[in-house]
Amino acid sequence: QVQLVESGGGLVQPGGSLTLSCVASGFSLEHYAVGWFRQAPGKEREGVSCINSLDGRTYSLGSVKGRFTISRDNAQNTVYLQMNSLKPEDTAAYYCAASNRYGATPYVPILPQEYDSWGQGTQVTVSS
């Protein structure tokens with residue numbers, strides 16, 4: 001059974017940090033591009049940080065550049081999202097997703113429709 005499970009969300013004060021984890025089971029993430037997406041109430045789901053399967057090339061949403069870092073540990077079949085200097089506007093449900101449509105290429109998929117497997121999400125709330 002192919003499954004992605006996110007963890008690490010919670011309530012944090014502005015300026016704080018959180019690390020989200022996405023653990024895969026039933027398949028190896030090593031050959032998949034992985035993305036972190038978020039969706040706030042009333043807004044569309046948006047790509048936050050994504051990483052390809054070939055060489056670790058990444059994409060980051062402009063508003064999180066310099067604050068969020070995506071990384072992968074293939075031995076642990078896990079992808080992380082380190083989030084620093086969190087702001088109230090970062091409040092959302094965060095989802096990880098995996099895609100193997102593009103194989104071993106430098107391409108970094110950043111759109112939700114480019115991904116096939118999704119986790120259930122973890123809530124991040126930034127508030128004082």
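Residue pairs satisfying the ring-ring contact (aromatic ring centres under 6.0 Å, His included) criterion with at least one member in residues 38-93, sequence neighbours excluded, are absent. Screening residues 98-128 for disulfide bond (SG atoms under 2.5 Å apart) gives no qualifying pairs among residues at least two apart or on separate chains.
Every side chain to side chain donor-acceptor pair (under 3.5 Å) that S17 has, sequence neighbours left out, goes to N84. With sequence neighbours excluded, no residue forms a disulfide bond (SG atoms under 2.5 Å apart) with C50. Listed by chain and residue number, nothing satisfies the side chain to side chain donor-acceptor pair (under 3.5 Å) test with T58 (two or more places apart in sequence, or in another chain). Checked against side chain to side chain donor-acceptor pair (under 3.5 Å), Y107 has the following partners two or more places apart in sequence or in another chain: E114. Under the side-chain contact (heavy atoms from CB on, under 4.5 Å) criterion, S127 pairs with L11, T125, sequence neighbours left out. In terms of the side-chain contact (heavy atoms from CB on, under 4.5 Å) criterion, residue partners of R101 (sequence neighbours excluded) are, by chain and number, S99, D116. R38 is linked by a side chain to side chain donor-acceptor pair (under 3.5 Å) to E46, D90, Y94, counting only residues two or more places apart in sequence or in another chain. The side-chain contact (heavy atoms from CB on, under 4.5 Å) test applied to S85 returns R67, not counting sequence neighbours.
Counting only distance, with no hydrogens or angles, the side chain of T91 and the backbone of E89 share no donor-acceptor pair below 3.5 Å.
In the hydrophobic clustering, Y115 connects to F37, Y95, W118, either directly or through intervening members, whenever side-chain heavy atoms lie under 4.5 Å apart. Applying the under-4.5 Å side-chain rule to Ile, Leu, Val, Met, Phe, Trp and Tyr, the cluster around V5 consists of that residue alone.
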